[in-house]
2 protein chains.
Amino acid sequence: MIFDLDLRSRDPIYQQLVDKFKELIISNILKQDEQLPSVRVLAQQLTINPNTIQKAYRELESQGYIYSVKGKGSFVDATAQVENRAALKEIEGELMKLMKEAMFLGLDKSDLKKLVDQAKEESGGGIAND
Amino acid sequence: MIFDLDLRSRDPIYQQLVDKFKELIISNILKQDEQLPSVRVLAQQLTINPNTIQKAYRELESQGYIYSVKGKGSFVDATAQVENRAALKEIEGELMKLMKEAMFLGLDKSDLKKLVDQAKEESGGGIAND
DNA sequence: CAACTGTACTAATAAGACTAATACGGTTAT
DNA sequence: ATAACCGTATTAGTCTTATTAGTACAGTTG
């Protein structure tokens with residue numbers, strides 16, 4: 001489990017952790033029901049405070065990416081993502097904003113559609129369908 | 001000039017202002033060389049500190065969206081956006097991340113490509129090409 | 001000169017991220 | 001059952017940063 005945290009970033013550490021884990025789950029590197037490192041172990045590995053890990057895990061759980069069981073651990077929950085309508089709406093809004101900005105900066109529709117294909121290949125495209 | 005700022009947001013006010021002005025410039029509601037409200041006037045309208053406006057304008061200038069002239073004012077700079085290679089690379093990265101997440105949450109390629117078309121229509125599509 | 005513009009600087013306040021220490025409750029294997 | 005793990009909660013202190021406040025300087029315009 002390798003994490004390249006940037007302690008000097010404006011992005012909080014817990015947010016970086018959330019993003020990293022999301023990527024690992026989305027790209028299916030962490031698989032369904034696979035156990036995440038424990039709060040204490042990961043904190044020791046990264047030499048940061050356990051509370052920070054806990055905050056990241058709590059966030060991941062509230063977003064439906066993992067589930068935690070007292071006494072057992074935290075595990076990947078890659079099911080039922082489709083039900084997360086609110087999150088999807090938010091992401092669509094962000095996507096629209098970024099796409100408009102990208103177009104303003106010189107990209108055109110075909111460039112963006114290539115990005116779509118690329119995103120598909122790099123994530124579910126090669127993994128979820130096998 | 002209407003701004004619906006969320007003072008309680010985790011996003012800083014100056015960042016919200018940057019986003020708003022970007023949107024207005026990208027959608028061509030604010031046109032080339034059009035003057036932006038002065039730092040002091042806008043601060044008074046929004047009942048926030050002039051320094052916050054200044055910070056937003058400085059950011060917009062560093063990103064190439066406006067230019068400021070001492071004694072005269074701040075103006076829209078919608079030219080030469082294509083040269084901003086670094087910004088474009090960053091945006092592409094963010095787009096990839098969001099697209100992957102959107103797919104994980106249930107969207108497919110065609111959904112995303114529809115978003116691309118929609119973004120085109122709502123921004124440059126209907127304005128830059130007339 | 002007066003009234004406007006952007007810009008710069010310093011200090012004070014408020015909020016939030018992070019650390020630290022501690023404690024509680026559930027699980028699992030010996 | 002008891003030790004060694006797990007997640008969870010709470011409180012307090014530190015540090016950073018956004019924001020405010022006040023002041024000052026420099027250029028433009030009538």
Side-chain angles (χ1 to χ4, degrees), chain A residues 1 3-22 24-25 30 32-77, chain B residues 1 3-22 24-25 30 32-77:
Chain A
M1 197 78 66
F3 292 95
D4 50 332
L5 295 180
D6 181 3
L7 300 180
R8 299 169 194 164
S9 168
R10 330 87 190 107
D11 280 350
I13 297 176
Y14 80 92
Q15 188 60 58
Q16 295 182 46
L17 285 171
V18 169
D19 289 343
K20 293 286 178 194
F21 275 112
K22 272 191 183 180
L24 292 174
I25 294 172
L30 288 179
Q32 174 70 20
D33 295 318
E34 182 169 342
Q35 184 165 8
L36 274 62
S38 84
V39 168
R40 291 173 181 80
V41 167
L42 187 54
Q44 201 170 11
Q45 278 185 8
L46 303 178
T47 58
I48 59 181
N49 196 282
N51 292 336
T52 305
I53 311 287
Q54 187 193 346
K55 185 164 188 178
Y57 281 12
R58 195 188 310 145
E59 176 70 16
L60 283 167
E61 185 170 23
S62 81
Q63 292 187 30
Y65 284 87
I66 69 173
Y67 62 93
S68 297
V69 184
K70 234 186 291 187
K72 301 192 70 174
S74 300
F75 308 87
V76 174
D77 182 9
Chain B
M1 196 78 66
F3 292 96
D4 50 330
L5 294 180
D6 181 3
L7 299 180
R8 298 169 194 166
S9 168
R10 330 85 191 110
D11 281 350
I13 297 177
Y14 81 92
Q15 189 60 58
Q16 295 182 45
L17 285 170
V18 168
D19 289 345
K20 293 288 178 192
F21 275 112
K22 273 191 184 180
L24 293 174
I25 293 172
L30 289 179
Q32 174 70 20
D33 295 319
E34 182 170 341
Q35 183 166 8
L36 275 63
S38 84
V39 168
R40 291 174 181 79
V41 167
L42 186 55
Q44 201 171 10
Q45 279 186 8
L46 302 178
T47 58
I48 59 181
N49 195 280
N51 292 336
T52 306
I53 312 287
Q54 187 192 347
K55 184 164 186 177
Y57 280 13
R58 193 189 308 143
E59 178 70 16
L60 284 167
E61 186 171 21
S62 82
Q63 291 188 30
Y65 284 86
I66 68 173
Y67 61 94
S68 297
V69 184
K70 233 186 289 187
K72 301 191 69 174
S74 300
F75 308 87
V76 174
D77 182 9

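Protein chains get the first letters and strands the later ones, always in sequence-line order, with residue 1 at the start of each.
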What is the nucleic acid contact for B/R40, judged by heavy atoms within less than 4.0 Å: base, sugar-phosphate only, or nothing? base
When you measure from the side chain of B/Q16 to the backbone N and O of B/D11, does any donor-acceptor pair fall under 3.5 Å? yes
Under 4.5 Å between any side-chain heavy atoms of A/L46 and A/T52, yes or no? no
In this structure, are over 12 heavy atoms from other groups packed under 6.0 Å from A/Q44 atom CD? no
Applying side-chain hydrogen bond (donor to acceptor under 3.5 Å, both in side chains), name anything that partners B/S68, two or more places apart in sequence or on another chain. B/S74
Protein and nucleotides 15-19 of chain C: nitrogen or oxygen contacts under 3.5 angstrom:
residue	atom	partner	partner atom	Å
C/dA17	OP2	A/K55	NZ	3.2
C/dC18	OP1	A/I13	N	2.2
C/dT19	OP2	A/N49	N	3.1
C/dT19	OP2	A/T52	OG1	2.7

Show your working on side-chain contact (heavy atoms from CB on, under 4.5 Å) between A/Y57 and A/L36 and close with a plain yes or no. CA-CA 9 Å; A/Y57 281 12; A/L36 274 62; 3.7 Å; yes
Does B/S68 place a side-chain N or O at less than 4.0 Å from the phosphate oxygens OP1/OP2 of C/dG6? no
What nucleotide among C/dT28, C/dT5, C/dG6 has an atom nearest to a side-chain atom of A/K72? C/dT28
Counting distance only, does the side-chain N/O of A/E59 pair as donor-acceptor with the main-chain N or O of A/L17 below 3.5 Å? no
Whole-Å gap separating C1' (C/dA8) and CD (B/Q54): 7 Å
OG1 (B/T47) and CG (B/L5) are apart, to the nearest 0.5 Å, by 8.5 Å
How long is the line joining CZ of B/F75 and C1' of C/dC4, in whole Å? 12 Å
Using chain B heavy atoms and a threshold of under 4.0 Å, write down where along DNA chain D the contacts begin and end, 5' to 3'. D/dA18 to D/dT29
Taking all atoms of both residues into account, what is the closest heavy-atom pair of A/K22 and A/Y65, and its distance? CE-CE1, 3.6 Å
Between B/L42 (CG) and C/dC4 (P), how many Å, whole number? 16 Å
Value in whole Å for how far the P atom of C/dT28 lies from NZ of A/K70: 14 Å
